[in-house]
There are 2 protein chains.
Amino acid sequence: MKSRFWQALIVLLRLGAHKKPVEINTVKFGKLLGVSQQTASRRIRELLNAGLITREVTRKGQAVSLTNEGVEALRELYLELKNVFEEVPKFLTLRGEVFTGIGEGSYYVDLPGYKKQFISRLGFIPYSGTLNLRLKSSIDVLNRKLLEKMPGILIKGFFDEKRTYGDVKCFKALINDSIEGALLLIKRTHYGEDVVEVISKENLRQKLGLKDGDIVEVKVFLE
Amino acid sequence: MKSRFWQALIVLLRLGAHKKPVEINTVKFGKLLGVSQQTASRRIRELLNAGLITREVTRKGQAVSLTNEGVEALRELYLELKNVFEEVPKFLTLRGEVFTGIGEGSYYVDLPGYKKQFISRLGFIPYSGTLNLRLKSSIDVLNRKLLEKMPGILIKGFFDEKRTYGDVKCFKALINDSIEGALLLIKRTHYGEDVVEVISKENLRQKLGLKDGDIVEVKVFLE
DNA sequence: ATTACTATTCTACGAGTAT
DNA sequence: TATACTCGTAGAATAGTAA
């Protein structure tokens, strides 16, 4: 459809021509479109020929209605815009400060009961160790809590002779906009709720040259 | 804004240029717009001058982003369309079968405690009598229940020496697409929930030539 | 009053091509 | 390859009017 038709259709929609015939003359219509009376007159005839409106000419002007086709064209435009503007965010970003844990990360990651699932569900063989991040801002903590409510990727817990190992929820993630990995939300952790752990197939500390106190950005994909 | 700009902005939105710079060359852009490479090139420069996009020319093409101004222009369009297409229905239609009641309708309508309010709130002097309608389809009964949850126009109850008279909720209505009146939802009625009553300044039975068993359509306005 | 025809102006497009 | 300039032309807008 010619792009100048859209403007005219939207003006008519604004006047309510999708519900009932709208009384309008070519001078007014021209003003609304920012064109001359002659052009407004021609525009109406163009829309008419395109089957987008119907009208009845009276002595005072014309009663113009959008046809179903006209309304549907606008609805299509609406739905397209809706898709963009009402889109649920597909990722969120957490920022946290690197710190050294007690080294249990590598122990857990290497447990076959977890490791097999990491490989199959995340698509990479995790490096033996986790990067601990402490969230510094309250908005990051809030976002972390939000993640707890999302489905994510659930790594099932298991048990051996000694003890049981809890479920781990994880999300695919991009670390510092460069390295792919995953964010782990470990249910039973001795850390507070301001701590998250990150894994990757790489040694993140080495690859990113990180030391304690550095800030790392994790883009978390919500599936 | 020139109407041919809208089409271009929407194409860019579709490509995600509101989120991140989009790699595109003028040939592709032209194809998407249905214009030549030259026109696409010119269009980009026009949008640039209008402050609707930013870009960076590379050897492979250009990385185009919508500016805030560009996104906001589209969002405004979106909100306008949303207003129209997500509009809550302003009326609903009930269909019911005419039947003869026990004649108490005219007694109630004529009670000054009600009548004064009908006149002031509905804008007409009601004919002394109500038209009783029995809803036949379950969808009509559902719609009637929906009406009970809507605010409507509340006619306050009152009491005299003998007894109390309950509240009456009513809605302006159009009967058989021709006569204005009101639908009454009477709280304490000996009829079931499949019955509604309709009043008007006219004698509806006479004016519409109705007899028992006829079907009447009531377009109920939800305020 | 209107709408809309005709003649004219103007602007937007695309072909050719420079960069 | 890209982008974007020049320029001839198609067609869109307007002024002047007719109906």
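Lettering follows sequence order; numbering is per chain, from 1.
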Undergrad: Rounding to an integer number of Å, can you tell me how far B:Lys28 NZ sits from D:dT1 P?
TA: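 Answer to the nearest Å: 14 Å.
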
Undergrad: Checking B:Arg134 against B:Asp212 for the salt bridge (Lys or Arg N to Asp or Glu O under 4.0 Å) test, could you report, in this order, the C-alpha distance in whole Å, the side-chain angles of both residues, the deciding distance, and whether it holds?
TA: CA-CA 11 Å; B:Arg134 175 162 285 121; B:Asp212 282 3; over 6 Å; no

Undergrad: Specify the separation, in whole Å, of atom CG of A:Asn25 and atom C1' of C:dT2.
TA: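 Roughly 8 Å, once rounded to whole Å.
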
Undergrad: Rounded to whole angstrom units, what separation is found between the CD1 atom of A:Ile24 and the C1' atom of C:dT2?
TA: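 Whole-Å distance recorded here is 14 Å.
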
Undergrad: How many whole angstroms separate atom CD1 of B:Ile44 from atom P of C:dC13?
TA: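 Rounded to the whole Å, the gap is 14 Å.
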
Undergrad: Ignoring backbone atoms, test whether A:Ser41 places a side-chain nitrogen or oxygen under 4.0 Å from the OP1 or OP2 oxygen of C:dT3.
TA: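 Indeed not, no polar side-chain atom of A:Ser41 lies that close.
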
Undergrad: Taking the side chain as every heavy atom from C-beta outward, state whether B:Lys172 and B:Ile153 have any pair of such atoms under 4.5 Å apart.
TA: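 With C-beta onward as the side chain, the pair touches.
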
Undergrad: Which letters describe nucleotides 5-19 of chain D, given B = protein heavy atom under 4.0 Å from base, S = only from sugar-phosphate, - = neither?
TA: B------SBBBB---

Undergrad: Apply the side chain to side chain contact (heavy atoms under 4.5 Å, CB included) test between A:Leu15 and each candidate in A:Val64, A:Leu66, A:Val22; give the one that qualifies.
TA: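 Passing option: A:Val22.
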
Undergrad: Between A:Glu148 and A:Lys145, does any NZ, NE, NH1 or NH2 come within less than 4.0 Å of an OD or OE carboxylate oxygen?
TA: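 Answer for the salt bridge query: no.
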
Undergrad: Could you list the residues that satisfy side-chain contact (heavy atoms from CB on, under 4.5 Å) with A:Ser178, not counting sequence neighbours?
TA: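 If we apply the side-chain contact (heavy atoms from CB on, under 4.5 Å) test to A:Ser178, skipping adjacent residues, the hits are A:Asn176, A:Leu208.
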
Undergrad: Test your reading of the model: is there a side-chain donor-acceptor pair from B:Gln7 to the backbone of B:Leu33, 3.5 Å cut-off?
TA: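 Indeed, once roles are kept as given, a pair shorter than 3.5 Å links the two residues.
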
Undergrad: Could you tell me how far apart A:Leu47 (CG) and C:dT3 (P) are, to the nearest whole angstrom?
TA: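 It works out to 15 Å between those atoms.
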
